Peer 1: 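Handing you this structure, nothing more for now.
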There are 2 protein chains.
Amino acid sequence: MTKPAAVQTVGGHAALDAFVVSQLEAALAASAMRVTAPRRTILQLIADRGGSHFCAADLLVDAKRRRLEVGRATVFRTLDLLLAAGLIERIDLPGGDHAYVACQPRRHHHHIVCTGCGRSTDIADAELRAMIDAIGRATGYVIDRHRLELYGRCPRCRTGASA
Amino acid sequence: MTKPAAVQTVGGHAALDAFVVSQLEAALAASAMRVTAPRRTILQLIADRGGSHFCAADLLVDAKRRRLEVGRATVFRTLDLLLAAGLIERIDLPGGDHAYVACQPRRHHHHIVCTGCGRSTDIADAELRAMIDAIGRATGYVIDRHRLELYGRCPRCRTGASA
DNA sequence: GTAGATGCAAAACCTTTGCATTTTG
DNA sequence: CAAAATGCAAAGGTTTTGCATCTAC
């Protein structure tokens, strides 16, 4: 049996906390995109989710609750933007719906999503690359993209709540 | 560096070919669900896709083209059924949309999806389990579910067409 | 004969788009 | 000031649902 080591978490939800504006400006300015109030608002809403996954509708609800003005269309457009910038990533929940999570920009990684609190942690696993190469050799495929998602219960949820 | 072996393909699209009806009857009868004409039709449509991924709309189109009668609602309902029975699985394409693929029933595995022809192959990789355990240990999560999807070009598409 | 399945069409959803107005750089 | 972004509302597409009818067991 192999001994898979080299597992390294690369940080998770803190990614958008204080950096919010700087990350945004860096990413957007670099692409000739403008830093606007609605975009700041949306980034803030995402940051305030504390790392839990969310979908467009969630943000709209949060915004409405906090009486922040953002249009539906703008939320969708901004999510696409953040996705392209690598500040958020699309994940697919076990149930079948999809959501987004804030994550380390521009670095390949995977996610563990807690089925308890919905928070996610980024994972960088060099091992995976080797395994994928082996699968490619075994099947004859040239594998050029992959996606790994893990679901479970985070330390906090295991000790805190029951179940 | 680890030497990931134990990669074993467990067969792919042939799963629904001849077995169609028997599989269906086995799975459905076991759940007090009925074997009906529309369900057979849908299974046939899936089988005839030759292993390529598809979505509900694709089947509707195929059905219309072949003048087979199936209602929209029935297609959706049957897909849910087959999903629950493990005869098909939901996958998520790189582009973001999701689709289904026929696969080995009731055995845990992963998919390689060819970005050329859309066909998929099932993969059983024992290695992955070890890696996931390691990630669990490293992060403190209790991982109870995972999803791995690989995308690339299959041997046929690499040799046949260019690009 | 009866529980379960079908089909239709309407409803519910989610996401995108057109366009006039506002804002950023 | 020009280009880009916003917001609204309407359009588009997909999946679900209610209900009367039909059918497998």
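Bear in mind that the values here come from a model prediction, so they are computed numbers and not experimental data. Each chain gets a letter, A, B and so on, in the order the sequences are listed, and its residues count up from 1.
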Peer 1: Quick one: are Ile123(A) and His109(A) in side-chain contact, heavy atoms under 4.5 Å?
Peer 2: no

Peer 1: By salt bridge (charged side-chain N to carboxylate O under 4.0 Å, His left out), which residues pair with Arg49(B), not counting sequence neighbours?
Peer 2: Asp62(B)

Peer 1: Side-chain N or O of His98(A) less than 4.0 angstrom from OP1 or OP2 on dT15(C)?
Peer 2: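 Checking His98(A) against dT15(C): at least one side-chain N or O falls below 4.0 Å of OP1 or OP2.
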
Peer 1: A side-chain contact here means heavy atoms from C-beta on lying under 4.5 Å apart; do Arg153(B) and Thr115(B) qualify?
Peer 2: yes

Peer 1: Excluding sequence neighbours, so at least two apart, what forms side chain to side chain donor-acceptor pair (under 3.5 Å) with Asp133(B)?
Peer 2: Arg129(B)

Peer 1: If we only count heavy atoms from C-beta on, is the Met33(B) to Arg39(B) side-chain gap below 4.5 Å?
Peer 2: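 Yes. Closest side-chain heavy atoms under 4.5 Å.
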
Peer 1: Any side-chain heavy atom of Tyr151(A) within less than 4.5 Å of one from Ile143(B)?
Peer 2: no

Peer 1: Mind listing the side-chain donor-acceptor pairs of residues 75-102 of chain B below 3.5 Å, one per line with the distance, residues two or more places apart or on another chain?
Peer 2:
| residue | atom | partner | partner atom | Å |
| --- | --- | --- | --- | --- |
| Thr78(B) | OG1 | Thr74(B) | O | 2.7 |
| Glu89(B) | OE2 | His111(B) | NE2 | 3.0 |
| Arg90(B) | NH2 | His98(B) | NE2 | 3.1 |
| Asp92(B) | OD2 | Arg147(B) | NH1 | 2.4 |

Peer 1: In residues 57-67 of chain A, which residues come under 4.0 Å of DNA chain D by heavy atom?
Peer 2: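 Here the set is empty: none.
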
Peer 1: Run the side chain to side chain donor-acceptor pair (under 3.5 Å) test against His110(A) and tell me which residues pass, sequence neighbours left out.
Peer 2: His108(A), His146(A)

Peer 1: Once you round it to whole Å, what is the distance between C1' of dT17(C) and CZ of Phe76(A)?
Peer 2: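 About 13 Å, once rounded to whole Å.
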
Peer 1: Compile the donor-acceptor pairs under 3.5 Å between side chains in residues 63-70 of chain B and protein atoms, sequence neighbours left out, one pair per line.
Peer 2:
| residue | atom | partner | partner atom | Å |
| --- | --- | --- | --- | --- |
| Arg66(B) | NH1 | Asp48(B) | OD2 | 3.0 |
| Arg66(B) | NH2 | Asp48(B) | OD2 | 3.0 |

Peer 1: I need the CD1-C1' distance between Ile42(B) and dT6(C), as an integer number of Å.
Peer 2: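 Rounded to whole Å, this separation is 10 Å.
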
Peer 1: Calculate the interatomic distance between Asp80(A) atom CG and dT16(C) atom C1'; express it in whole Å.
Peer 2: 10 Å

Peer 1: Grab the CZ-P distance between Phe54(B) and dT14(D) for me, whole Å please.
Peer 2: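 Atom CZ in Phe54(B) sits about 16 Å away from atom P in dT14(D).
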
Peer 1: For Arg90(B) and for Arg34(B), locate the closest nucleotide of DNA chain D by heavy-atom distance; then report the residue assigned to the nucleotide nearer the 5' terminus.
Peer 2: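 Its nearest nucleotide lies further toward 5', so the answer is Arg90(B).
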
Peer 1: Is there a side-chain contact between Arg119(B) and Arg156(B) (heavy atoms, below 4.5 Å)?
Peer 2: yes

Peer 1: Would you list the protein and nucleotides 6-9 of chain D atom pairs, both N or O, that sit under 3.5 Å from each other?
Peer 2:
| residue | atom | partner | partner atom | Å |
| --- | --- | --- | --- | --- |
| dT6(D) | OP1 | Thr36(A) | OG1 | 2.9 |
| dG7(D) | OP2 | Gly71(A) | N | 3.0 |
| dG7(D) | OP2 | Thr74(A) | OG1 | 2.6 |
| dG7(D) | N7 | Arg77(A) | NH2 | 2.7 |
| dG7(D) | O6 | Arg77(A) | NH2 | 3.4 |

Peer 1: Expressed as a whole number of angstroms, how long is the span from Arg40(B):CZ to dA24(D):C1'?
Peer 2: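 From Arg40(B) CZ to dA24(D) C1': 11 Å.
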
Peer 1: Starting from the first five and the last five pairs of the helix from dG1(C)-dC25(D) to dG25(C)-dC1(D), work out the angle between the resulting helix axes, to 10 degrees.
Peer 2: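 Roughly 50° between the end axes, to the nearest 10°.
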
Peer 1: Counting side-chain heavy atoms from CB outward, which of dA5(D), dT15(C), dA5(C) is closest to Ala56(A)?
Peer 2: dT15(C)

Peer 1: Give me the atom names and distance for the closest heavy-atom approach of Cys117(B) to Cys154(B).
Peer 2: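 Result for this residue pair: SG-SG, 3.9 Å.
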
